[in-house]
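Data block below; observations after.
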Amino acid sequence: MSVRVRFAPSPTGSMHIGNVRTAIYNYLFAKAQGGEFIVRIEDTDLVRSGQEFEQNLLLDLKWLGLEIDEGPETPGEYGPYRQSERGDFYSKYAQQLLDHRQAFYCFCSEEEIAQRREERREKGESLHYDGRCRHLSDDEVKRRRDGGEGAVVRFLAPQKDFHLKDVVRGDVAFPDGMIGDFVIMRESGMPVYNFCCVIDDWKMKITHVIRGEDHLPNTVRQLMIYQALEVTPPIFAHASLLVGEDRQKLSKRHGVTSLAAFRDLSFLPQTMINYLVLLGWSHPDERVIMSKDELETIFTLERMHKAPALFDLAKMRWMNGQQLKLLSPEEQLKVVTGWIKADHQFHQEKHQWQMSFLSLFLDKIEMEDDLTDHLDLIFATAPVASSEEQPELEELNALESTGQMRSYLAAELSRLKQQGSEFVPVEAFSGWTSYFKQELKIKGKPLFKGMRLILTGRISGGDLSALVPITPIDVLLARVS
RNA sequence: GCUCCCAUCGUCUAGCCUGGUCUAGGACACCGCCUUUUCACGGCGGUAACAGGGGUUCAAAUCCCCUUGGGAGUACCA
């Protein structure tokens with residue numbers, strides 16, 4: 001049977017990276033197995049769900065390049081793909097469970113249950129639902145329902161041990177009494193997660209359920225339902241959690257956690273996939289930089305890691321640089337150009353010039369914020385020097401040779417500008433250097449650092465002979481005067 | 001409280017299943033050196049970990065037990 005996996009987010013906010021990683025695992029596994037990647041929207045919580053969230057979710061997956069085989073916008077034969085539209089399935093099987101006495105109507109209000117739980121807590125007893133409505137007679141149920149009394153449907157939890165064979169965790173035991181009778185249908189008639197999940201995974205012919213470890217306790221409930229329905233459960237793989245600095249499950253309060261936020265920070269989709277997949281999975285040969293295509297052939301559930309993983313922005317940053325270097329020059333330019341504000345002078349320059357800029361700085365660029373400094377080096381007219389550079393800078397400035405070079409360069413630049421040049425020809429630059437050496441007898445630190453100071457306003461930086469020819473003459477003139 | 005899960009450098013991890021080749025390997029970060037008359041890249045090197053205690057065994061990071069620590073769940077959320 002062909003592998004079918006699903007990513008089943010609830011549209012209640014922007015997609016956070018824990019979910020993104022789950023999506024990636026599912027997608028990669030599907031690809032590696034030649035199977036299907038299905039997206040199912042879990043929107044049974046009408047209050048928290050929103051249509052705009054679903055749209056963003058789908059857009060996020062698209063941005064990542066995770067192609068959906070079946071989903072709300074590309075339905076296959078097992079739809080609908082939104083739980084809010086699958087009501088018939090749920091009521092049908094809820095009724096079946098009711099008929100078979102595997103579920104029952106419960107008339108207890110939330111307040112009553114909370115109160116009874118408190119009482120049991122004081123007595124040190126189990127906090128589960130106490131089974132009060134378990135054995136109401138059919139007549140009583142009918143009477144109370146006909147009388148308009150609200151009721152939920154509870155699943156009657158079997159009193160026995162359960163056992164799960166999890167691909168990443170191995171054998172997991174769930175002892176008898178771990179959970180009480182749980183709600184599968186709300187008073188409003190809306191089904192609840194654990195129930196929908198089973199019905200949908202079954203009806204959508206899902207073969208492997210790959211999800212976060214936080215769902216592990218849910219799995220017993222689901223196993224119970226599978227058994228009651230006499231359906232063979234899928235294979236489960238529970239991935240470790242992603243945690244924040246405090247080692248707790250990653251959530252909004254950990255700062256930057258949504259995919260959108262990382263995208264805004266200029267992380268590439270490849271980086272997201274590459275970095276996230278490595279947070280809980282490893283390549284058999286410990287390769288680190290990988291493309292999505294490579295991952296699609298090599299990913300296996302067996303190499304998933306059990307312990308929770310912590311985010312390391314520094315490594316992710318490095319990885320972004322590595323992924324950037326993997327692109328073709330044209331693609332690199334496109335990415336980098338996208339990082340620069342629309343009204344920046346950079347966009348006015350010719351393609352050839354932009355490529356020169358890129359090749360000069362590519363090694364130093366990992367993220368968007370690396371760019372500012374390099375752009376300033378080319379375009380900023382006012383010199384920027386750090387405070388600790390100040391003493392050396394002043395010392396250099398006071399040198400007689402610096403003054404000589406400054407007036408010479410000012411004259412040269414004006415001459416070039418009058419000739420109509422926009423940039424300094426490479427030969428002109430080397431001409432200046434030889435002139436300073438041979439005629440003015442300036443050499444060593446006063447020569448190189450001095451020229452750098454005059455032309456860039458700084459005392460350290462990249463190769464001047466490459467930098468100067470791509471700096472606009474107007475900028476250089478402003479710096480010299 | 002109860003149930004379940006987890007535990008190798010600061011971080012991500014390899015190794016653990018199938019004990020010896022592990023004086024524990026890699027990556028990020030950090031620190032040196034080389035190269036570069038400067039920056040970066042690169043190259044070379046360094047600091048740094050098997051949570052603790054008991055077993056089993058000729059031999060344990062690897063198997064078992066306990067302790068400790070961390071996490072998750074315990075909803076008419078998913």
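Naming: A, B, ... by sequence-line order, numbering from 1 per chain.
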Complement of B:U62, any strand, by Watson-Crick or G-U distances under 3.5 angstrom: none
Distance between the C1' atoms of B:G73 and B:C31, in whole angstroms? 44 Å
Check the phosphate of B:C12 against A:Arg21, side-chain N and O only, distance under 4.0 Å to OP1 or OP2. Yes or no? no
Closer to the 5' end of RNA chain B via nearest nucleotide, is it A:Pro175 or A:Asp363? A:Pro175
Whom does B:C22 pair with, Watson-Crick or G-U wobble, provided both distances fall under 3.5 Å? none
Please identify which of these residues, A:Arg221, A:Arg154, A:Arg134, meets the salt bridge (Lys or Arg N to Asp or Glu O under 4.0 Å) condition with A:Asp181. A:Arg134
Separation of atom CD1 in A:Ile454 from atom P in B:U38, rounded to whole Å: 19 Å
Interatomic distance, A:Phe182 CZ vs B:U3 C1' [rounded to whole Å]: 15 Å
Distance in angstrom units between A:Arg303 CZ and B:C12 P, rounded: 17 Å
Geometric class of the A:His374/A:Phe361 ring pair [parallel <30°, tilted 30-60°, perpendicular >60°]: parallel
Measure CD/A:Glu286 against P/B:G26 and give the value in whole Å, please. 9 Å
Mind checking A:Arg452 for me? I need base, sugar-phosphate or nothing, with any heavy atom below 4.0 Å counting as a touch. base
d(CG, A:Leu447; P, B:U38) in whole Å: 13 Å
Which word best sums up how the rings of A:Phe299 and A:Phe29 line up, parallel for under 30°, tilted for 30 to 60°, or perpendicular for over 60°? perpendicular
In Watson-Crick or G-U wobble terms, with both distances under 3.5 Å, the base opposite B:A78 is none
When every non-hydrogen atom of A:Gln102 is compared with those of A:Phe155, the smallest separation belongs to O-CD1, 3.5 Å
Determine the interatomic distance between C1' on B:G42 and the same-named atom on B:U23; round to the nearest Å. 31 Å
Work out how far the C1' atom of B:C76 is from that of B:G15, and round it to whole angstrom. 48 Å
For the ring pair A:Trp202 and A:Tyr226, is the centre-to-centre distance below 6.0 Å? no
Could you state the NZ-P distance from A:Lys364 to B:U38, rounded to the nearest angstrom? 13 Å
Pair assignment for B:U68, Watson-Crick or G-U wobble, requiring both distances under 3.5 Å: B:A7
If you assign each of A:Thr433 and A:Asp246 to its closest nucleotide in RNA chain B, which residue comes earlier from the 5' end? A:Thr433
At a cut-off of 3.5 Å, list every protein nitrogen or oxygen paired with a nitrogen or oxygen from nucleotides 27-31 of chain B, distance to 0.1 Å.
unit_1	atom_1	unit_2	atom_2	d
B:A27	N3	A:Lys315	NZ	2.9
B:C28	O2'	A:Lys315	N	3.3

When you compare B:A27 with B:G69, how far apart are their C1' atoms, in angstrom units rounded to a whole number? 27 Å
Rounded to whole angstroms, how far apart are CG on A:Leu278 and C1' on B:U13? 8 Å
Testing A:Asn218, A:Asn19, A:Thr219 for side-chain hydrogen bond (donor to acceptor under 3.5 Å, both in side chains) with A:Arg211, which one passes? A:Thr219
Can you tell me the pairing partner of B:C16 across any strand shown, Watson-Crick or G-U wobble, with both distances under 3.5 angstrom? none
Determine, using ring centers only, whether A:Phe182 and A:Phe195 are less than 6.0 Å apart. no
Is the distance between the ring centroids of A:Phe357 and A:Phe346 less than 6.0 Å? yes
C1' spacing across the pair B:U36 / B:C50, given as an integer number of angstrom: 41 Å
B:G42 pairs with, by Watson-Crick or G-U criteria that keep both distances under 3.5 Å: B:C34
Can A:Phe174 and A:Phe162 be said to form a ring-ring contact (aromatic ring centres under 6.0 Å, His included), step by step? CA-CA 5 Å; A:Phe174 301 104; A:Phe162 275 81; 8.1 Å; no
Checking all strands, does A:Gly212 fall into the base, sugar-phosphate, or nothing category for heavy-atom contacts under 4.0 angstrom? nothing
Please tabulate, for side-chain N and O atoms in residues 302-314 of chain A, each donor-acceptor pair with protein atoms closer than 3.5 Å (sequence neighbours left out).
unit_1	atom_1	unit_2	atom_2	d
A:Arg303	NE	A:Ser282	O	2.8
A:Arg303	NH2	A:Ser282	OG	3.1
A:Asp312	OD1	A:Ala314	N	3.2

Answer yes or no: does atom CD of A:Glu245 have more than 12 heavy-atom neighbours from other residues, nucleotides or ligands under 6.0 Å? no
P atom, B:C44 versus B:G54: distance in rounded Å? 42 Å
At less than 4.0 Å, is any side-chain N or O atom of A:Ser282 found next to OP1 or OP2 of B:A14? Yes or no. yes
Show each protein N/O and nucleotides 72-78 of chain B N/O combination with a separation under 3.5 Å, one pair to a line.
unit_1	atom_1	unit_2	atom_2	d
B:A72	OP1	A:Lys249	N	3.3
B:G73	OP1	A:Lys249	NZ	3.0
B:A75	OP2	A:Arg117	NH2	2.9
B:C76	O2	A:Glu187	N	3.0
B:C76	N4	A:Glu187	OE1	3.4
B:C77	OP1	A:Arg186	NE	3.2
B:C77	OP2	A:Arg186	NE	2.3
B:C77	OP2	A:Arg186	NH2	2.2
B:C77	O3'	A:Arg186	NH2	3.1
B:C77	O2'	A:Asp45	OD2	3.0
B:C77	O2'	A:Arg48	NH2	2.6
B:A78	OP1	A:Thr44	OG1	2.3
B:A78	OP1	A:Asp45	N	3.4
B:A78	OP1	A:Arg186	NH2	2.9
B:A78	OP2	A:Tyr193	N	2.9
B:A78	O3'	A:Glu42	OE1	2.9
B:A78	O2'	A:Ser10	OG	3.4
B:A78	N6	A:Asn218	OD1	2.9
B:A78	N6	A:Asn218	ND2	3.1
B:A78	N1	A:Asn218	ND2	3.0

Measuring from A:Asp43:CG to A:Leu46:CG, what's the distance to the nearest 0.5 Å? 7.5 Å
Given the C1' atoms of B:A40 and B:U21, what is the spacing between them in whole Å? 40 Å
Rounded interatomic separation in angstrom, taking NE2 from A:His305 and P from B:C16: 13 Å
Could you give the distance separating B:C12 and B:U38 at their C1' atoms, to the nearest angstrom? 35 Å
